[in-house]
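The sequence lines fix the lettering, A, B, ..., with proteins before strands; numbering per chain opens at 1.
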Amino acid sequence: MDKKRLQSIYETMLTIRYFEDKALSLFEENQLRGSVHLCTGQEAVAATVCSHLRDEDYITSTHRGHGHCIAKGAEPDKAMAELMGKAAGYCQGRGGSMHIADVTKGNLGANAIVGAGLPIAAGAALSAKLRKTDQVAVAFFGDGASNEGVFHEALNLASVWKLPIIFVCENNQFGISTHVSKSTSVQDIAVRAKAYDIPGEVVDGNDVFSIDEAIKRAIKRAKAGEGPSLIECKTYRWYGHWIGDPQVYRTKEDVESWKKKCPIKRLETYFLENKIMTQQELTVMHNKAVEVIDAAADFAISSSDPDPAFVLDNVYCE
Amino acid sequence: MDKKRLQSIYETMLTIRYFEDKALSLFEENQLRGSVHLCTGQEAVAATVCSHLRDEDYITSTHRGHGHCIAKGAEPDKAMAELMGKAAGYCQGRGGSMHIADVTKGNLGANAIVGAGLPIAAGAALSAKLRKTDQVAVAFFGDGASNEGVFHEALNLASVWKLPIIFVCENNQFGISTHVSKSTSVQDIAVRAKAYDIPGEVVDGNDVFSIDEAIKRAIKRAKAGEGPSLIECKTYRWYGHWIGDPQVYRTKEDVESWKKKCPIKRLETYFLENKIMTQQELTVMHNKAVEVIDAAADFAISSSDPDPAFVLDNVYCE
Amino acid sequence: MSIKKYAVAIRDVIQQEMSRDENVFVMGEDIAGQGGIFGCTRGLLEEFGEERVRNTPISEACFIGAGVGASLTGMRPIIELMYMDFTYVAMDQILNQAAKIRYMYGGKATLPLVIRGQQGIGRGNAGTHSQSVEAFFTHIPGLKVAMPSTPADAAGLLRTAIRDNNPIMFFEHKALYASSGEVSDDPNFAIPFGKASVMREGTDATVIATSLMVSRALEAAEKLAEGSIDVEVIDPRTILPLDIETIVESVKKTGRALVVHEAHRTMGIGAEIAAEVTQRAFVYLDAPVARLGAKACTLPFSLVLENAVVPGVDDIIEGIRKICYK
Amino acid sequence: MSIKKYAVAIRDVIQQEMSRDENVFVMGEDIAGQGGIFGCTRGLLEEFGEERVRNTPISEACFIGAGVGASLTGMRPIIELMYMDFTYVAMDQILNQAAKIRYMYGGKATLPLVIRGQQGIGRGNAGTHSQSVEAFFTHIPGLKVAMPSTPADAAGLLRTAIRDNNPIMFFEHKALYASSGEVSDDPNFAIPFGKASVMREGTDATVIATSLMVSRALEAAEKLAEGSIDVEVIDPRTILPLDIETIVESVKKTGRALVVHEAHRTMGIGAEIAAEVTQRAFVYLDAPVARLGAKACTLPFSLVLENAVVPGVDDIIEGIRKICYK
Ligand SMILES: Cc1ncc(C[n+]2csc(CCOP(=O)(O)OP(=O)(O)O)c2C)c(N)n1
Ligand SMILES: Cc1ncc(C[n+]2csc(CCOP(=O)(O)OP(=O)(O)O)c2C)c(N)n1
Ligand SMILES: [Mg+2]
Ligand SMILES: [Mg+2]
């Protein structure tokens, strides 16, 4: 992978990491409310996959969508403002964390309904096919989502119609408190690709290089008109399912062992070992990311609430 | 297979065949209305599978359900009366062909919603497991149904919970006018078993012996607490999707070539070649089946319509 | 003007709009080679090819969701549901996604999408294939809901629906497909949403009827005219938006109203119309606004029973007499 | 009597009914180890084991369908939906299967089944996780629908629901789980369906309120009492069956009625209640029956906006003043 892409992936991961940290602290300070699902620990997937997408390519995201949103080009200030329900947020405070979207940047939206983004992404891919563009669509979803009916329907439809779409499963091993082994009949969700006669592969979701290889192959296939691929990224979320989760279902040791596999640290080690970046350069990037996020939080905090006088606007398009 | 079982399967197939013929002629005589889906040509699946089930075992059926219904022990007269919407029908004329059921005989119902029977069968299997009986459940469904979300959800649930259930797909190659290759991403639906880590096998759905072997294995597995199996029976329906189908999607030659593979004829040939039954004995059985069905039709025709005064009964259980 | 069947009127509008705008495409079960089981897409495959006339797998939640995704990204999908009863397997994509996305995204998304298909009684399809389900789609904000009762309305409203930039639920009626009527040949003939049609003028009572019930209401009105009750019959044509003004004006004139629909009476749109008319015309009312709809049981298969469940001409006559105290 | 939280009252009834009848079992997402995300099944796994306290995959249509199959074959499932909004992905199993099977099978099937879970505003869950969806389940015959507003009602109605032989939709409210109240310790304490609760007697106007709106209506009534409007507040507790008699009797006394619910005003159960009350108490009415419900937009995430959409105490006060012309 070329240095520029690697650095950009790294920068995206840092932005996501600090964004999530900030969301957490704002929540704890009661500045932010609602169901907030942090993707800390999973940054590599969104950052690497989206590094291969252009603005005109599409993604659909999930309830755990801040990472996808940022990686697909969202400005952290408007994203944070949305998390705080402010008028300056991407959705003018109407959507919140679970429904954040930026259609102009190809982010067709976080989706609070597990699995619901998959058919929508298939539709975006169909649209690209009908309009004869070379756009691709990526549907992000969790391990738990792979047991929803629409997962099945979307993979089948995409395969039969040879749609330019990549299904990216972030297997963080849990759906809320339920371990994947208790809800899912296969060990590797990627195996399910066989049921649709499409390629399925398992990758280390904390390793940007493995993800990079897989997504490149899948995009190539999509653009060649050969249809969808399923990529399963094994990863882990460091925090609870949502902010406030008592996490009775796992041990501190498990969490700690996964923290050691931090995708950001891992890329830093690579940078240093291969002398691509120095520790100082890395620190500069960290500081820059912190600055961006601090500014985003300031922006969001100082923004005003939406005006209830306009609450009925935008139900319909005139 | 022992002679008794074979003869009973044969008898069931004949009953189904003549039942369907009669339904068709009653429809053509305007004695019968609605969406009527005949299973002529597919009799071997219902007859063979159900020959291994006891009254206390469960099935869920489909819109094309007359065969399953009869094979699971329905009396043709009450079944025909239901098709005609008569008070003496299994559902007192409230259900009709697409919703015929006989819970006391373990037939949990035809189901006009494609795929909807699969979760219900899983629930019956769960019930057996919770009550610690050795009952099994069979969900019949079509090739088209294998693309509904509930197919996926039910197979996953049944596998994770190791439910005593067998999923029997009757692949007659079409969902209405749509060939399976245009709607389904795999050539063999049985392959989808891999997505649930359960056995999946393809059998000749017009051959009672192949079906018999497969269902025996699956029932054994279910009773041993090892969980579900998926059996795909390749077969063909002789008539249109429903009575009145213009059948623009297939040729007469195709239909004729499949008629040559008639499951009943095939078993008769076996009987004769192996001197299990004589032509005369076969004729006697044919005549008997015709008599049963004629009597059923007479019963249904002479039965009275339901009394509208009671139309609001049975919405709730008191 | 041409005389057309309701089904043909629908087909022709789809054909014309597909010719006019290459972003319009159709998908659904058995709509391509077969032309739909009621013929509403007949000939389109031959004219526009398989890319724009797509047979789907039996995966309603997915292909409606795909419609949402396609419409979000510049296309104008028309989705046929073979029976509108099947909305039940796709409710999330309709009510949580299609209806809400524009609003939840702060107005920064546009979803031109038509979900159309038939519903109702008339073919002995029993409880899961004979329902009238339109009411569900008026409770969750974000959709528009049309239910034409004539070939002309089917054509005019469908054209409006296809050109609208919002998600539309378009309810046809299986028992109306074979009915004929005059339809404009103007390729831009369109009927705006939210404008009721006064099908018959009258002074003694107002009947608000939808879909198949419109012709029954008209028949009832004719019969009552002989007995000197002069009934006004109004077809709202779209129930969301609802032309409450026209209805209220009529009720102010007649002082009496009966709402008739084929959907179950309980929580059918008659409840909303009755409540709203009463709110706005209270002092003009000589009787409470009455409602007729299917009885509170599943639609039975038996024709005798089905007829006992859904309002017939006699039930409507009786209903009108009651509010007229005659 | 014990003082209990609403969530605990629910948990205790499930626990008691599971002890009493081994055919009762629970399933749902994260209900086992975690005890449900609102604690309504806490401790049940430890007491009854994994067979009877089952975590499900995220496959709502399937596990509700499995509930139908289990109940058809002798079990009495209680299914938790984490959010009742998720009924949308399982609508077919609820409306076409659970609701209709008994009737379609000519009365020869029995389906004791409880589908329960929370809904409504109060946790900033925005448009897809804050809805009030009860109205849908009153339109299609075959279900019963409860929506308790107090811990005692939650306990009493849930016990009735579990012992009933019909499919029941049981709507809890997320913002009520932490509310406390007296609950009977009698292990057979049950409240029949179809009996409204008069929460406050009054002579000037009747407010019919459900779920979270009951406490707001009571607060409004107290405030108006100071200004000498004496309000009767009725909580129907079950909306199907609906105790229309108690409501109508009250309206005959007061001559005025306002229905308040959190669900959208358009096509909410207020429409049905208003239409039916008007039908039965027309000559007693001094004003048209008024309705309050969520405004016609998706529930927004922002708290400021959410408060603008759902009826608050002031809206109720204003609504009552309006029907009293004061
Ligand atoms: C249809 C539906 N069912 C259930 C939920 C509740 N829910 C929200 S997130 C979640 C777990 C999702 O697990 P997974 O797909 O693995 O994503 P993760 O949270 O691990 O990122 C559940 C059950 C929902 N939002 N939508
Ligand atoms: C949810 C749903 N979608 C669509 C239909 C309409 N429909 C009835 S039968 C059928 C084809 C089913 O094909 P398959 O499962 O292969 O069964 P077959 O008719 O071939 O026996 C369709 C599309 C339906 N009844 N339910
Ligand atoms: Mg997960
Ligand atoms: Mg088939």
Which region of B:Val311, side chain (C-beta onward) or backbone (N, CA, C, O), has a non-hydrogen atom less than 4.5 Å from a non-hydrogen atom of chain C, or is it both or neither?
both
Can you pull every donor-acceptor pair closer than 3.5 Å across chain B and chain C?
| from | atom 1 | to | atom 2 | distance (Å) |
| --- | --- | --- | --- | --- |
| B:Arg33 | NH1 | C:Phe301 | O | 3.3 |
| B:Ser35 | OG | C:Asn125 | ND2 | 2.7 |
| B:Gly93 | O | C:Ser302 | N | 2.9 |
| B:Arg94 | O | C:Phe301 | N | 3.1 |
| B:His99 | NE2 | C:Thr128 | OG1 | 2.8 |
| B:Asn147 | O | C:Ser59 | OG | 2.8 |
| B:Ser177 | N | C:Asp30 | OD1 | 2.9 |
| B:Ser177 | OG | C:Asp30 | OD1 | 2.6 |
| B:Thr178 | N | C:Asp30 | OD1 | 3.3 |
| B:Thr178 | OG1 | C:Asp30 | OD1 | 2.8 |

Do B:Val180 and B:Phe174 have side chains that get closer than 4.5 Å, going by heavy atoms?
no
Would you mind reporting whether B:Ile243 and B:Leu32 have side-chain heavy atoms less than 4.5 Å apart?
no
Going by salt bridge (charged side-chain N to carboxylate O under 4.0 Å, His left out), name the residues that satisfy it together with B:Glu20, two or more places apart in sequence or in a different chain.
none
Quick one: OH on B:Tyr196 to CG on B:Asn156, what's the gap to the nearest 0.5 Å?
7.0 Å
C:Ile121 side chain near C:Leu212 side chain, heavy-atom distance below 4.5 Å
yes
Bottom line for B:Ile100: the part with an atom under 4.5 Å from chain C's heavy atoms is neither
Is the distance between the ring centroids of C:Phe171 and C:Phe137 under 6.0 Å?
yes
Please identify which of these residues, C:Val313, C:Val259, C:Val260, meets the side-chain contact (heavy atoms from CB on, under 4.5 Å) condition with C:Met213.
C:Val260
Do the side chains of C:Val114 and C:Ile79 get nearer than 4.5 Å, heavy atoms only?
no
Of B:Val150, B:Val114, B:Ile113, B:Val248, the largest count of non-hydrogen pairs under 4.5 angstrom with chain C goes to B:Ile113
Contact class of C:Ile37 relative to chain B, heavy atoms under 4.5 angstrom:
side chain
